[in-house]
Amino acid sequence: MPTPASLSAFHFLASSRIPSELVLKTIQHLPFEDGQRIASLSANSRIRSLLKIYEHSITHFFLKKELRHAIVDFPCDKEFGLTWLSRCATKYDLVDAVMDELTWRENCVAVEPHNMAVVNAGLLLLYRLQTSCNHSARLDFLKPLPRDPLTAMYLALHHATLTARYHGHGWIHQRTYGRFMDANQLSLRNEMEFCFAEATLSVGPDFLYDMLVNPSDPSGEITLLNFYHDHGNHDWEWPCWGDGKGEFEPPRTQGPQREAGSTGRSLFTSMLERMAELDKCPLDEVRALVEEATDKKGHDLAFLSLDGKARLIRGSNVE
């Protein structure tokens, strides 16, 4: 974030004696970063007018200079401009922060080097999913996708879930359930991890950032429990395992009573069904098959190239 002192160095640009061409040239020599420095210059009416008139060309310049792949990673139509580019920069920063957690050397379930690029593409595809305006539109986005984009998103979800299980905080963390789980505890953990995946598909990488990178902010845990309230079975009998002090019990959530199907069809289930359909295998086997296949360094999406990533973002197979 630029400081007032750093911005004062550019006050001369507001002078009418400075040719417009020189003002624009000077602006283009500034680093775009998150776009805040450029946006702050528009406080001056003259510079604001120049930015508005030449916004398209300035955006193209910064796109080529600093964010060359943004137009592919975050396709846009009518919104092309400096505000869009600023949002792209923010999304890249967030994806990089999540990738740092997923590839952290002390992460016991870290993404393997041969899968780093495809997991990164999966996170970008999750942003692409968020461009769909509602739940039905997101289902429509998932249903026709071919195998490779679905695999990329699944790997991102898979590694994010495991990272949250062993290195996260709150109800998703393994310490909640202990090392020796009975059937009830395992069932609850599976439910929580299902809701974690559903929240990721519904909210996007912002949810992963809240859960993995910024756990001190309660918004991630609140989102997870909201999805648990909507998608959990809630068939527990209270008290679950005795009423003694320290007994483990599932979370109790409050809210309106949901009728079956009122929350819409699960995005995660629909995604797995589509993958099972493409792989011609039972639904309960598709996850293990994908994980086993992508563990091998020679699978089709290993060491994904930039061209391959661009095809995935467009919703196509690599080949």
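With Glu273 as reference, Arg265 is the one residue of Arg265, Lys143, Arg287 to meet the salt bridge (Lys or Arg N to Asp or Glu O under 4.0 Å) rule. Here the rule is side chain to side chain contact (heavy atoms under 4.5 Å, CB included) with Leu150, and of Val286, Leu278, Val290, Leu155 only Leu278 fits it.
Looking only at side-chain heavy atoms (C-beta outward), Asn226 and Ile222 come within less than 4.5 Å of each other. For the pair Arg165/Glu193, a side-chain contact is recorded, criterion being any heavy-atom separation below 4.5 Å from C-beta on. Two residues are said to be in side-chain contact when any heavy atoms from C-beta on lie closer than 4.5 Å; Asn317 and Pro149 meet this criterion. Using a 4.5 Å heavy-atom threshold, the side chains of Leu30 and Leu41 count as touching. The closest side-chain heavy-atom distance from Leu212 to Leu102 is below 4.5 Å. Under the 4.5 Å side-chain criterion, counting only non-hydrogen atoms from C-beta, His173 is not in contact with His167. Taking the side chain as every heavy atom from C-beta outward, Leu142 and Arg138 never approach each other to under 4.5 Å. Side-chain atoms of Glu285 and Pro282, non-hydrogen and from C-beta on, do get closer than 4.5 Å to each other.
Rounding to the nearest 0.5 Å gives a distance of 7.5 Å between CG of Leu208 and CG of Leu157. To the nearest 0.5 angstrom, His169 atom NE2 is 9.5 Å from Met211 atom CE. Asp93 contributes atom CG, which lies 9.0 Å from atom OH of Tyr209 (distance to the nearest 0.5 angstrom). Between atom CG of residue Leu124 and atom CG of residue Leu312 there is a gap of 10.0 Å, rounded to the nearest 0.5 Å. For the atom pair CG (Leu272) and CZ (Arg274), the distance works out to 13.0 Å, reported to the nearest 0.5 Å. To the nearest 0.5 Å, atom OG1 of residue Thr269 and atom CG of residue Leu283 are 7.5 Å apart.
Within 6.0 Å of CZ on Arg68 lie no more than 12 heavy atoms contributed by other residues, nucleotides or ligands. At most 12 heavy atoms of other shown residues, nucleotides or ligands fall within 6.0 angstrom of atom CZ in Arg147. The number of heavy atoms from other shown groups lying within 6.0 Å of NZ (Lys65) is above 12.
Look at Glu55 and Lys52 and you find no salt bridge, because none of the NZ, NE, NH1 or NH2 atoms lies under 4.0 Å from a carboxylate O.
Of the N and O atoms on the side chains of Tyr92 and Asp34, not one donor lies less than 3.5 Å from an acceptor on the other residue.
The hydrophobic cluster containing Phe207 also contains Leu123, counting ILVMFWY residues as joined when their side-chain heavy atoms lie under 4.5 angstrom apart, directly or transitively. Taken together through direct or relayed side-chain contacts under 4.5 Å among Ile, Leu, Val, Met, Phe, Trp and Tyr, Val203 and Leu94 form part of one hydrophobic cluster. Val213 is connected to Met99 through a chain of hydrophobic side-chain contacts under 4.5 Å among Ile, Leu, Val, Met, Phe, Trp and Tyr, so both are in one cluster. A continuous path of Ile, Leu, Val, Met, Phe, Trp and Tyr side chains, each step under 4.5 Å between heavy atoms, connects Leu67 with Leu51, placing both in one hydrophobic cluster.
Although no hydrogens or angles enter the test, the distance criterion places a donor-acceptor pair under 3.5 Å between the side chain of Asp148 and the main chain of Val318. Side chain of His135 to backbone of Leu267: no donor-acceptor contact under 3.5 angstrom is found. In this structure, the side chain of Glu112 does not engage the main chain of Asp295 through any donor-acceptor pair within 3.5 Å. Panel note: side chain Thr90, backbone Ser86; a donor-acceptor pair is recorded below 3.5 Å. Under a 3.5 Å cut-off, the side chain of Tyr228 and the backbone N or O of Phe196 do not form any donor-acceptor pair. Thr176 places a side-chain N or O within donor-acceptor distance of the main-chain N or O of Gly170, the cut-off being under 3.5 Å. Using modelled atom types, one side-chain atom of Gln130 and one backbone atom of Leu201 make a donor-acceptor pair closer than 3.5 Å. The backbone N or O of Thr294 sits less than 3.5 Å from a side-chain atom of His114, completing a donor-acceptor pair. Side chain of Ser49 to backbone of Ser45: no donor-acceptor contact under 3.5 angstrom is found.
Between Tyr127 and Phe74, the ring planes are perpendicular. Angles over 60° get that label, and only those under 30° would be called parallel.
Listed by chain and number, the residues in a ring pair (Phe, Tyr, Trp, His ring centres under 6.0 Å) with His60 are His56, Phe80 (sequence neighbours excluded). In this structure Asn120 satisfies the side-chain hydrogen bond (donor to acceptor under 3.5 Å, both in side chains) test with no other residue, sequence neighbours excluded. Under the ring pair (Phe, Tyr, Trp, His ring centres under 6.0 Å) criterion, Phe194 pairs with Phe268, not counting sequence neighbours. Taking the side-chain hydrogen bond (donor to acceptor under 3.5 Å, both in side chains) definition, one finds that Glu198 meets it with Ser266, sequence neighbours left out.
Among residue pairs with one or both ends in residues 299-319, those qualifying as salt bridge (charged side-chain N to carboxylate O under 4.0 Å, His left out) are Asp73-Lys309; sequence neighbours excluded. Among residues at least two apart or in separate chains, there is no ring pair (Phe, Tyr, Trp, His ring centres under 6.0 Å) pair with a member in residues 272-294.
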